[in-house]
Amino acid sequence: VAVLVHVRVHVRPGQAEDHRLVAHQRLIVGLHIGHGLLSGTAQAHTAPHLVNVPEFVLPLHRLDPHIRQSHTQPVVKADTLRISGIEVLMRWRHPVAGEIPPDVFINLAETQQVIVPLTHHLLALIARDAPALQKVLPAGSKLGLNISPSHLHADEFQDDLRQFAASMPANHFNVVLEITERAMIDKNKSLAIFDWLHEQGFEIAIDDFGTGHSALIYLERYKFDYLKIDRGFVQAIGTETVTSPVLDAVLTLSRRLQLMTVAEGVETPEQAEWLRKHGVNFLQGYWLSRPLPLEELIAAHDEPAKYFAAR
């Protein structure tokens, strides 16, 4: 079955002054062109002010001056709601389009095969901020960051991780590398790499579990330490949807595999209570805290915010 989708983007002349709207549209259209998702007909019917998409979007390495911020989102223990670590996230604030959704620019980076340089940049930001983070996070805190499978398999990957470890405060953070399901993991290389990572003291999480392909194959083949439950499953809590029993099955599977579990996208106290009662180990989401710039995390520690206060 062949499906042809024609995409038309129209903006009235009076709307053209909204440069942020135009910029966002150019970005989305450019992403689709980069993925080959727009046919020639779709591109031909794209609004005239959007035709210069590649000049706006490409090459991605030009984004570097605008990707100077890393944000940190607290991760808490489910039983105490006290902070146990953070996930470090890249943010892109474009001078015209404003805040660009992470899913958009990460997918764009992967499409253009520049995700590894962006990860290098993120590692440098983490090393820069580590002394300040050390002052607000206790020894043994988890520090999670995303690693693309393309970086995992790159020749320089082990050297990158050695240099990163050497740049961090000794014996303070437990670094958790989060591997997504967006791309297949090369079995021949990954088994040895996973063993090496564990030997070096890194921990490994499978991220956004259940949203990609071959998730069960991953769990069978590789030794993970954490399973991060995708927000889509968390949002199903309290609803009679088809994903509700799937979440029960995921939790049962994680226990049998002796995996620690982290629930992402926790937005209500009811979700947090359900997850706690069902044995989830850690919680992350806007009910606890949105992703914060470093200075706001420090301010939250000084207040202190509820997840920093003893319970």
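Just so we're clear, the structure is a prediction, and the values are computed from it rather than from any experiment. Computed from heavy atoms alone, side chains included, the values below leave out hydrogens, waters and symmetry copies. Starting from 1, each residue takes its place in the sequence as its number.
Leu161 places a side-chain heavy atom less than 4.5 Å from the side chain of Leu177. You'll find the side chain of Tyr286 reaches within 4.5 Å of the side chain of Gln73, heavy atoms only. Contact of the Asn146 side chain with the Thr119 side chain is not registered, since no non-hydrogen atoms from C-beta on lie closer than 4.5 Å. Side-chain contact between Tyr222 and Ile193 is absent, with no heavy atoms from C-beta onward closer than 4.5 Å. Looking only at side-chain heavy atoms (C-beta outward), Ser190 and Leu152 come within less than 4.5 Å of each other.
Remark: Asp302 CG is packed, more than 12 non-hydrogen atoms of other residues, nucleotides or ligands lying under 6.0 Å away. Within a 6.0 Å radius of CD in Gln113, no more than 12 heavy atoms belonging to other residues, nucleotides or ligands are found.
Distance alone, capped at 3.5 Å, places no donor-acceptor pair between the Ser141 side chain and the Phe173 backbone. For the pair Arg82 (side chain) and Phe308 (backbone), a donor-acceptor distance under 3.5 Å is present. For the pair His172 (side chain) and Pro131 (backbone), a donor-acceptor distance under 3.5 Å is absent. Without hydrogens or angle criteria, Arg231 side chain to Val266 main chain gives no donor-acceptor distance under 3.5 Å. Judged purely by atom type and a 3.5 angstrom limit, Gln235 uses its side chain to pair as donor or acceptor with the backbone of Gly265. Formation of a donor-acceptor pair under 3.5 Å by the Asn174 side chain with backbone atoms of Lys142 is not found in this model.
Residues Val176 and Leu227 do not share a hydrophobic cluster, defined by chaining ILVMFWY side chains whose heavy atoms lie under 4.5 Å apart.
Note on ring orientation: taking the six-membered ring where Trp is involved, the planes of His151 and Phe157 are perpendicular (angle over 60°, cut-offs 30° and 60°). Between His278 and Trp274, the ring-plane angle classifies as parallel under the 30° and 60° cut-offs.
With a 6.0 Å cutoff to the six-membered ring centre and a 45° limit on the axis angle, Lys189 does not count as a cation-pi contact of Trp196.
Gln271 is linked by a side chain to side chain donor-acceptor pair (under 3.5 Å) to nothing, counting only residues two or more places apart in sequence or in another chain. Here Glu273 pairs with Arg276, Lys277 under the side chain to side chain contact (heavy atoms under 4.5 Å, CB included) rule; sequence neighbours left out.
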